[in-house]
*Asks:* 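Quick one: this structure, given as structure tokens, is what I'll be asking you about.
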Protein chains: 2
Amino acid sequence: MTNPLDLVFSALADPTRRAILAMLLEDDMAVTDVAEPFDMSLAAISKHLVVLTAAGLISQEKRGRVKWCKLEPDAMREASVWMQAFGQMDAVDLDAFEAFLEHELK
Amino acid sequence: MTNPLDLVFSALADPTRRAILAMLLEDDMAVTDVAEPFDMSLAAISKHLVVLTAAGLISQEKRGRVKWCKLEPDAMREASVWMQAFGQMDAVDLDAFEAFLEHELK
DNA sequence: ACAACATTCAACCAAATGGTTGACGTTTAT
DNA sequence: ATAAACGTCAACCATTTGGTTGAATGTTGT
């Protein structure tokens with residue numbers, strides 16, 4: 001009933017969670033550091049991380065008192081594959097992808 | 001505020017809506033025919049179609065008393081592009097990305 | 001031992017979501 | 001003219017979602 005795609009797409013539907021994923025694209029991060037740029041409580045971010053973990057989009061590993069968040073890029077692949085069926089879209093839109101890198105990562 | 005990606009991903013998060021999109025991949029359909037295979041009311045399907053339309057994933061055109069639903073595959077493109085950064089590429093490995101670009105643009 | 005730090009838990013709240021039913025406006029066919 | 005078909009609207013309902021706050025649980029450094 002709870003299709004993995006449900007979890008992935010609904011996790012991706014929230015802009016805060018997408019921003020978190022973009023941050024983790026650069027490097028693994030502790031929960032507190034993930035929360036820092038956002039104007040919301042740490043508890044709220046903690047919940048978002050639970051959602052991302054449930055979807056398999058990230059993993060969390062506790063070392064000492066710090067819980068490290070790590071991107072799990074494979075989880076998006078199923079969803080990506082599903083979407084490819086609808087494209088006469090190219091596998092990679094180079095212009096858009098470069099624009100994305102420019103905007104999102106730097 | 002309401003990022004287009006929000007609308008696309010949250011539209012895709014529901015299995016009924018994904019099934020509708022898959023049906024429309026084959027051919028344009030009237031609302032009643034879209035609803036036929038599902039075990040829920042026509043009104044419920046009508047609402048799902050509103051959500052898909054708001055996300056730009058389909059369009060609806062009324063001809064006579066029949067409203068035709070048509071897939072709009074371009075809407076998924078932005079979302080797909082966003083995902084490419086995580087799914088297909090090892091984003092940490094920028095060397096590989098550059099190599100990819102070089103090969104692709106040659 | 002103690003205080004500070006990192007994170008989650010629990011209770012709560014408002015708003016959004018996904019469904020129902022019945023009434024309603026159009027358009028088509030007889 | 002009337003009835004049937006197509007689809008939406010409005011009101012309602014239960015559940016989920018995304019946020020809050022304050023207390024609680026580890027863990028670390030002094």
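Because the structure is a prediction, the values reported are computed rather than measured. Just so we're on the same page: letters track the sequence lines, and every chain starts at 1. All values below were derived from every heavy atom in this structure, side-chain atoms included, with hydrogens, water molecules and symmetry-related copies excluded.
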*Asks:* Just how far, in rounded Å, is C1' of D/dC6 from CE of B/M29?
*Replies:*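 Computing the B/M29:CE to D/dC6:C1' distance gives 14 Å.
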*Asks:* Which residues end up grouped with A/V51 if you chain together Ile, Leu, Val, Met, Phe, Trp and Tyr wherever their side-chain heavy atoms are less than 4.5 Å apart?
*Replies:* none
*Asks:* Between B/W68 (CH2) and D/dT8 (P), how many Å, whole number?
*Replies:* 14 Å
*Asks:* Whole angstrom is fine here: how far is it from CG in A/L52 over to P in C/dT7?
*Replies:*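 Going from CG in A/L52 over to P in C/dT7 covers 15 Å.
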*Asks:* What are the two closest heavy atoms between A/A55 and A/A75, and how far apart are they?
*Replies:* O-CB, 4.1 Å
*Asks:* Across nucleotides 14-27 of chain D, 5' to 3', mark each nucleotide with B, S or - according to how protein heavy atoms within less than 4.0 Å reach it.
*Replies:* ----SBBB----SB
*Asks:* Do B/L57 and B/L71 touch side chain to side chain, with heavy atoms closer than 4.5 Å?
*Replies:* no
*Asks:* Of all heavy-atom pairs between B/M23 and B/P37, which one has the smallest distance, and what is that distance?
*Replies:* CE-CG, 3.8 Å
*Asks:* List for me each residue that meets side chain to side chain donor-acceptor pair (under 3.5 Å) alongside A/E72, sequence neighbours excluded, and say none if there are none.
*Replies:*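 Side chain to side chain donor-acceptor pair (under 3.5 Å) check on A/E72 returns A/S59.
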*Asks:* Tell me every residue that passes side chain to side chain donor-acceptor pair (under 3.5 Å) with A/E36, counting only those two or more places apart in sequence or in another chain.
*Replies:* none
*Asks:* Atom CZ of B/F38 to atom P of C/dG18: distance rounded to whole Å?
*Replies:*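 Nearest whole value for this atom pair: 14 Å.
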*Asks:* Nearest whole Å is fine: how far is D/dG7 C1' from B/D33 CG?
*Replies:* 12 Å
*Asks:* Between atom CD1 in B/I45 and atom P in C/dT17, what is the gap in whole Å?
*Replies:* 17 Å
*Asks:* Using a 4.5 Å cut-off on heavy atoms from C-beta on, say whether the side chain of B/T16 contacts that of B/I45.
*Replies:* yes
*Asks:* A/E61: what forms a side chain to side chain donor-acceptor pair (under 3.5 Å) with it, not counting sequence neighbours?
*Replies:* A/R63
*Asks:* Please give the angle, rounded to 10 degrees, between the axes at the start and the end of the helix from C/dA1-D/dT30 to C/dT30-D/dA1, where five pairs define each axis.
*Replies:* 20°
*Asks:* Does B/E78 have more than 12 heavy atoms from other residues, nucleotides or ligands lying within 6.0 Å of its CD?
*Replies:* no
*Asks:* Does C/dC9 have its OP1 or OP2 closer than 4.0 Å to a side-chain nitrogen or oxygen of A/S46?
*Replies:* no
*Asks:* Between A/Q60 (CD) and C/dA6 (P), how many Å, whole number?
*Replies:*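 One finds 16 Å between P of C/dA6 and CD of A/Q60, rounded.
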